[in-house]
Amino acid sequence: MRYSPAEIEPKWQAVWDADAALYAAEPHETGKPKYYCIEMLPYPSGKLHMGHVRNYAIGDALARHMWMRGYNVLHPMGWDAFGLPAENAALKNNTPPREWTLANIAAMRQQMRRMGLSYDWATEVTTCLPEYYRWNQWFFLKMYEQGLAYRKNSKVNWCPECATVLANEQVVNGCCWRHEDTIVEQRDLTQWFLRITRYADELLQGLDKLEGWPEKVRTMQRNWIGRSEGTNVDFAEAKSGAKITVFTTRVDTIYGATSVQLAPEHVVAKAFAAEDAALAEKIAELLEQQKQAREAGDVGAIEKHGVDTGRFAINPYTGEQVPIWVANYILADYGTGAIMSVPAHDERDWEFAKKYGLALKRVIVPEEVTELPDLPYVEEDKSVLVESGAYSGLSCAEAQRQMQALALEKQFGTATVTFRLKDWGVSRQRYWGTPIPMVYCACSGEEPIPVPAEQLPVLLPEQIEITQQGGSPLGRVPEFVQTTCPRCGGPARRETDTMDTFVDSSWYFYRYTDAHNSSAPFASDKANYWFPIDQYIGGVEHAILHLIYSRFWTKVMRDIPSGDGGLIRNSEPAERLFTQGMVIKDGAKMSKSKGNVVSPDDMIARYGADATRMYALFAAPPDRDLEWQEEGVAGVSRFLGKVYRLTTKYAAVRGSAEAGAGNGAGLKLLRTLHQTIAKITHDFGGRWHFNTSISAIMILVNEIAAHEAALDSGEVPPAVVAQLFRGLTQLLAPFAPFLAQELWAQTGGEGAVFRAAWPAVDEALAREDELEIPVQANGKLVTVIKVAADSDQAAVQAAALADARVAARVAGKTVAKVIVVPGKLVNLVIK
RNA sequence: GCCCGGAUGGUGAAAUCGGCAGACACAGCGGACUUAAAAUCCGCAGGCCGCAAGGCCGUGGGGGUUCAAGUCCCCCUCCGGGCACCA
């Protein structure tokens with residue numbers, strides 16, 4: 001019988017599908033430790049791609065291993081089911097988004113089953129269904145109550161292709177994250193925002209404690225949050241006394257400020273423009289330049305331009321008047337939209353001042369160097385102030401402290417912290433998303449009225465006509481828009497924007513713990529049992545989208561009063577995060593346009609799910625990019641064929657365990673088995689280098705094949721043969737579950753192989769009794785000697801020196817020193 | 001510019017704590033089996049010199065520490081990723 005995954009895999013798939021309890025989590029009362037392992041939920045595009053296969057192969061191996069280690073494992077799967085592709089498909093094929101999405105889910109669920117993934121389908125979450133999204137609305141109302149959800153008019157990112165607003169996190173290099181070549185426009189719109197900035201500090205500080213997260217992700221989040229400590233200082237416009245607050249991180253350089261620079265949209269700049277048509281025109285020009293640079297995605301490349309307003313501002317520290325300029329490189333939405341320009345000590349200010357011939361004044365010098373450094377001198381450490389009144393002679397840090405203290409005392413400024421992170425814009429002018437549960441009524445003017453919680457869900461109407469023109473599609477559905485005001489009972493209209501789909505994925509993993517709760521998003525005790533997630537696995541592309549939003553959501557839920565605490569206890573969603581590398585082909589990310597897409601279906605049809613999954617784990621360590629080579633899959637398939645041939649050949653051999661290891665071949669094989677168990681157990685506990693785990697299994701199988709004659713002759717005791725193949729089968733279970741299950745059954749195993757206990761390492765059996773010790777001369781290999789494992793240093797040294805090749809090398813020279821590293825090597829220092 | 005990764009045979013990679021560089025595979029070459037092929041099995045395989053024994057060189061480059069460096073330290077190059085006139 002040849003190895004035939006096409007027969008084995010569907011057979012076991014049917015058995016597993018019929019057993020609902022197989023992958024189900026157990027009740028909390030079980031004495032077992034819990035283990036919550038999840039992979040990021042996919043968007044139901046209709047087909048799995050290789051990136052999914054890799055992601056799920058990693059998570060599945062881990063979940064199965066943890067079951068075998070005796071944990072109570074929660075391993076769920078769900079669907080990030082709202083989003084634009086469903087609407088686009090509707091436009092193209094005239095299929096309702098819901099129908100399209102649910103059909104895709106069914107197809108992908110089927111693919112996952114075919115892959116043999118161990119999900120507990122009883123906890124499946126589909127975010128586009130009302131039983132899920134009603135809780136998005138519920139959370140939205142809670143946030144509204146707490147001032148965390150609010151509406152404001154502002155400049156927002158608009159993708160013309162998506163015909164909707166995007167969050168800052170969804171703009172990549174000035175383009176849409178979904179349409180890499182579509183430049184995002186800036187529009188003024190009134191939109192809903194979630195106040196993620198309220199948690200900015202906690203989100204930042206929490207990163208230090210997330211030791212189980214990749215440093216890379218933590219760094220990306222730190223950069224994204226962009227905390228910057230500084231000082232707000234109020235300058236006064238000389239004529240009107242109008243306040244111009246500037247933000248600076250270097251208040252110590254303020255005696256060197258030679259101008260104030262305003263963003264083109266700054267209120268004061270607008271006020272000046274209103275009185276001066278020529279100036280207004282110039283400012284409009286600057287604004288246009290800035291807008292274009294922003295839309296080109298490279299504000300950094302903007303050529304600096306500015307205009308002198310002819311007005312002056314009074315520096316509150318010096319009483320000096322400095323000219324006020326408007327410049328295109330000053331951003332209205334960072335800091336206060338106004339800066340003080342210190343050309344002597346800032347690169348940008350230096351460049352700008354040189355271009356326009358503005359004054360410069362040196363106020364910081366190195367502490368010790370006698371020669372004055374070239375300008376701009378931006379060093380802050382080991383530097384002192386000069387020409388700065390009473391502050392002259394102070395270190396920069398001390399000057400900052402004293403100057404902040406004065407500003408506070410005289411009430412013209414304050415120490416302040418500025419973040420790059422902006423509030424999360426969640427309104428989307430699209431149909432296929434969660435309706436925002438708000439109502440507008442004449443009785444409250446422009447103030448929105450929340451839909452009462454008992455009226456949730458606000459259902460998304462189905463059977464509507466979808467177009468991309470003219471704003472939110474829901475706005476053209478009168479049955480949806482027209483409603484009754486919850487406050488006055490009169491006619492009112494609903495909010496017609498829907499929520500960003502990242503809302504859905506911000507808390508979905510809590511819902512898994514209580515997926516069918518119809519009175520709450522989940523029960524706190526259930527979430528508290530499973531959370532935090534022990535291991536979260538997904539792509540690094542979500543480092544500053546999903547992974548920052550879901551950290552925010554977790555903190556919000558913790559702060560929602562419930563019972564004697566919050567809704568949950570944990571402050572972070574996941575203890576450990578693993579970001580797997582991309583799957584590439586011919587050196588590039590797989591994409592339709594490049595024509596280098598490898599279909600998982602094809603691979604499974606040709607080599608089986610086991611070989612496909614196992615190759616995804618074998619070809620590279622999981623955190624690195626993986627180059628897909630079909631020959632490699634064929635190689636793994638050949639290997640599995642070898643395992644099948646050998647195991648089935650000896651499957652009927654049984655023997656009493658007390659018979660002992662025997663000697664020779666039997667002992668050697670058992671030793672390798674236990675060394676392999678030790679290695680793989682260790683890999684799961686630490687580095688997750690499954691490529692080396694699988695190579696260890698290959699070494700074991702090669703060793704078995706090399707001893708086939710001894711197995712045939714009966715030289716190896718039957719108990720050893722049985723133990724060997726049982727062990728091999730168990731080691732294979734996390735990586736090739738179908739084949740492992742088949743062989744488990746054939747070798748007499750009961751039930752599911754991945755519910756059998758993970759084999760224990762017999763340390764004594766694993767230990768070699770003879771070691772190969774390399775002998776070096778001055779660090780270069782001379783020979784390898786064999787010594788008994790328990791040899792002491794003197795014995796090893798004697799054996800090394802007794803070796804003929806060593807003697808030949810040493811002849812006529814002096815051995816100055818002998819270094820013996822126990823169990824490792826001998827190095828002779830020869831002169 | 002700042003920050004985080006990375007660079008090892010023809011290819012994917014291994015070397016977990018400073019201790020035999022290239023495990024395990026893929027591709028290749030040679031052989032067995034076969035009328036032949038596929039499949040399978042056995043063997044060879046970093047580079048250079050050499051019939052061989054053996055020697056020399058070799059982990060992006062340069063320096064250093066050490067009995068010993070892919071691994072530690074300093075400097076540099078290139079590649080990938082993040083942030084960026086952010087005041």
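Chain letters run A, B, ... following the sequence lines, proteins first and then strands; every chain starts at 1.
At B/A53, none of the side-chain N or O atoms of A/Arg805 fall inside 4.0 Å of OP1 or OP2 (strictly under the cut-off).
No hydrogens or angles were tested; on distance alone, a donor-acceptor pair under 3.5 Å links the side chain of A/Asn827 to the base of B/C67.
Base pairing of B/C33 is not made with any nucleotide, judged by Watson-Crick or G-U wobble geometry with both donor-acceptor distances under 3.5 Å. The nucleotide B/G22 finds no pairing partner, because no Watson-Crick or G-U wobble arrangement with both distances shorter than 3.5 Å includes it. Both distances falling under 3.5 Å, in either a Watson-Crick or a G-U wobble arrangement, place B/A7 opposite B/U77. Pair assignment for B/A15: none, as no Watson-Crick or G-U wobble contacts are both less than 3.5 Å. Both distances falling under 3.5 Å, in either a Watson-Crick or a G-U wobble arrangement, occur for no nucleotide opposite B/G58. Applying the Watson-Crick and G-U wobble criteria (two distances, each under 3.5 Å), B/A27 pairs with nothing in any strand.
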Go through the steps to decide whether A/Asn827 and A/Lys817 satisfy the test side chain to side chain donor-acceptor pair (under 3.5 Å), and finish with yes or no. CA-CA 8 Å; A/Asn827 190 16; A/Lys817 198 175 173 186; over 6 Å; no
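Between B/A87, B/C20, B/C24, one nucleotide has an atom nearer to the side chain of A/Asn702 than all others, and that is B/C24. Nearest nucleotide to the side chain of A/Phe247, out of B/C4, B/C24, B/A87: B/A87.
Between B/U40 and B/G5, the distance separating the two C1' atoms is 43 Å to the nearest Å. Nucleotides B/C2 and B/C72, compared at atom C1', are 26 Å apart to the nearest Å. The C1' atoms of B/C49 and B/G61 are separated by 26 Å, rounded to the nearest whole Å.
Annotation: proximity of residues 637-645 of chain A to RNA chain B (heavy atom, distance under 4.0 Å) is found for A/Arg638, A/Lys642, numbered in ascending order.
With no hydrogens or angles considered, no side-chain donor-acceptor pair links A/Asp623 and A/Gln580 at under 3.5 Å.
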Identify each atom pair where a protein N or O and an N or O of nucleotides 12-14 of chain B are less than 3.5 Å apart, giving names and distance.
residue: B/G12; atom: O2'; partner: A/Ala619; partner atom: O; Å: 2.4
residue: B/A13; atom: O3'; partner: A/Asn691; partner atom: ND2; Å: 3.3
residue: B/A14; atom: OP1; partner: A/Asn691; partner atom: ND2; Å: 2.9
residue: B/A14; atom: OP2; partner: A/Arg624; partner atom: NH2; Å: 3.0

